[in-house]
Amino acid sequence: KQEVTQIPAALSVPEGENLVLNCSFTDSAIYNLQWFRQDPGKGLTSLLLIQSSQREQTSGRLNASLDKSSGRSTLYIAASQPGDSATYLCAVDPSGSNYQLIWGAGTKLIIKP
Amino acid sequence: DAGVTQSPTHLIKTRGQQVTLRCSPKSGHDTVSWYQQALGQGPQFIFQYYEEEERQRGNFPDRFSGHQFPNYSSELNVNALLLGDSALYLCASSLGGMNTEAFFGQGTRLTVV
């Protein structure tokens, strides 16, 4: 059974720092992995999608990497800003057809001005 | 492009009542998935609709049912509401096929009292 874990559960850093969020999964048989952002009480915003054949994806100050063999993904945020404060979730797609995304519980990020 | 829209945004119901939540997918998308997110947790997959049929279902009781219309919009119905059904209900749309990105609506916050 696929399980997704995100550590740490919460993280607080000063503005301007570079930071890394971690996501691990137990079964390497995945088709893709997505990183999402969720603001309090709100829905989810897709940040990056990495196909299983890819090693990383970049969007602006965000860079996500994927190592299927070790069951790990990282989300790197460069030059953090207070507006980056949110909960970041990762989800793996085991079937390739969005049948059932399997989610981590998220990392709550606070960027202090 | 309005993206994925959900209605209503907030809802309060009494135990035992029935509720219907609605979702309009992103333009061009034909697949709708529903998720339940309890406070502080990652989303849990309820079911997915494609071509007006339930294609896959998560571990939810039959009290949870759905429908997809010819225009690809979808409804989630929950009967005999329990206090434990209180959660954020998220709708995601995607384009049927392999390895496609899921886009989420802002969610419906359901409170059962």
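So you know, we letter chains A, B, ... as the sequences are listed, proteins then strands, and number each from 1. Reckoned from all heavy atoms, side chains included, excluding hydrogens, waters and symmetry mates.
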TODO: Determine whether A/W103 and B/Y35 make a side-chain contact, defined as any pair of heavy atoms from C-beta on separated by less than 4.5 Å.
DONE: yes

Task: Side chain / backbone / both / neither for A/Q6 at chain B, heavy atoms under 4.5 Å - done: neither

TODO: Please answer: with hydrophobic residues joined when any side-chain heavy atoms are less than 4.5 Å apart, are B/F45 and A/V4 in the same cluster?
DONE: no

Task: Interchain contact, A/L44 with chain B, by part (heavy-atom threshold 4.5 Å) - done: both

Open item on the list: Would a single hydrophobic cluster contain both B/L95 and A/I50, if residues Ile, Leu, Val, Met, Phe, Trp and Tyr are joined by side-chain heavy-atom contacts under 4.5 Å?
Closed with: no

Open item on the list: Give me the atom names and distance for the closest heavy-atom approach of B/A102 to A/S46.
Closed with: O-CB, 4.1 Å

Task: Same apolar cluster: A/L21 and A/L49, side chain cutoff 4.5 Å - done: no

Task: Verify same cluster id: A/F36, A/L33 (apolar side-chain graph, 4.5 Å) - done: no

Task: Approximate separation, where rounding is to 0.5 Å, of B/L90 CG and A/K42 NZ - done: 12.5 Å

Task: Partner chain A: residue of B/P43, B/G40, B/G58, B/G107 with the largest heavy-atom pair count (under 4.5 Å) - done: B/P43

Open item on the list: Hydrophobic clustering (ILVMFWY, side-chain heavy atoms < 4.5 Å, transitive) - are A/L11 and A/L47 grouped together?
Closed with: yes

Task: From CA spacing to verdict: side chain to side chain contact (heavy atoms under 4.5 Å, CB included), B/Q48, A/L101 - done: CA-CA 11 Å; B/Q48 184 183 76; A/L101 295 181; over 6 Å; no

TODO: Count the heavy-atom pairs under 4.5 Å between each of B/Q37, B/R109, B/R57, B/Q44 and chain A, then report the option with the highest count.
DONE: B/Q37

